[in-house]
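Below is one structure, written out as structure tokens; the observations come after it.
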Amino acid sequence: MSEPTQKYSITMPRDIAEAARARSGPSGLSAYVAAAVARQIERDNLNELITVAEAEHGPITEEEIQALRDQLHRARTEQHTGEAHAA
């Protein structure tokens, strides 16, 4: 069962609304906007977690960020390689 919905009226610049409508596809503008808002909420929540973590443990260094990016890249490469061998 899907989440209950409610109708809202929002105001946004016309060019953004028209671009969103053009990209929304068969799901429609409402679903497109809802997905965009959901992604923004996820980003906001992540930023709040980062703020709390940095307050407790200090700021994240560029070296730590790069190390995590490298780790993620290796994991994705290994996953892709594993999928290729399984096929």
Side-chain angles (χ1 to χ4, degrees):
M1 179 180 281
S2 65
E3 292 288 322
T5 61
Q6 185 168 339
K7 189 172 185 167
Y8 296 92
S9 174
I10 61 169
T11 303
M12 70 175 77
R14 183 174 299 190
D15 60 333
I16 293 174
E18 289 175 2
R21 187 178 302 280
R23 293 177 179 264
S24 64
S27 63
L29 182 59
S30 292
Y32 188 87
V33 171
V37 171
R39 281 191 304 277
Q40 185 62 48
I41 291 169
E42 289 174 354
R43 286 180 157 191
D44 293 345
N45 289 340
L46 181 56
N47 284 333
E48 290 172 7
L49 287 173
I50 291 169
T51 299
V52 169
E54 286 185 333
E56 185 173 333
H57 304 287
I60 301 168
T61 66
E62 285 299 320
E63 293 79 19
E64 290 171 319
I65 292 170
Q66 189 57 50
L68 290 171
R69 285 182 176 146
D70 293 344
Q71 183 180 355
L72 180 59
H73 177 73
R74 284 191 302 274
R76 287 180 176 162
T77 300
E78 290 171 6
Q79 181 182 17
H80 179 71
T81 303
E83 289 173 357
H85 290 286

Checklist entry - Would you find more than 12 non-hydrogen atoms of other residues, nucleotides or ligands less than 6.0 Å from E62 atom CD? => result no
Item to check | Residue pairs fulfilling side chain to side chain donor-acceptor pair (under 3.5 Å) with at least one residue in residues 13-38, sequence neighbours excluded | outcome: none
Rounded to the nearest 0.5 Å, what separates atom [atom1] in [X] from atom [atom2] in [Y]?
X	Y	atom1	atom2	result
R43	L46	CZ	CG	9.5 Å
R76	Q71	CZ	CD	12.0 Å
Q40	N47	CD	CG	8.5 Å
I65	D70	CD1	CG	12.0 Å

Checklist entry - Linking Ile, Leu, Val, Met, Phe, Trp and Tyr by side-chain heavy atoms under 4.5 Å, what else ends up with I10? => result M12, I16, L29, V33, V37, I41
Item to check | Non-neighbouring partners of E48 that pass side-chain contact (heavy atoms from CB on, under 4.5 Å), sequence neighbours left out | outcome: N45
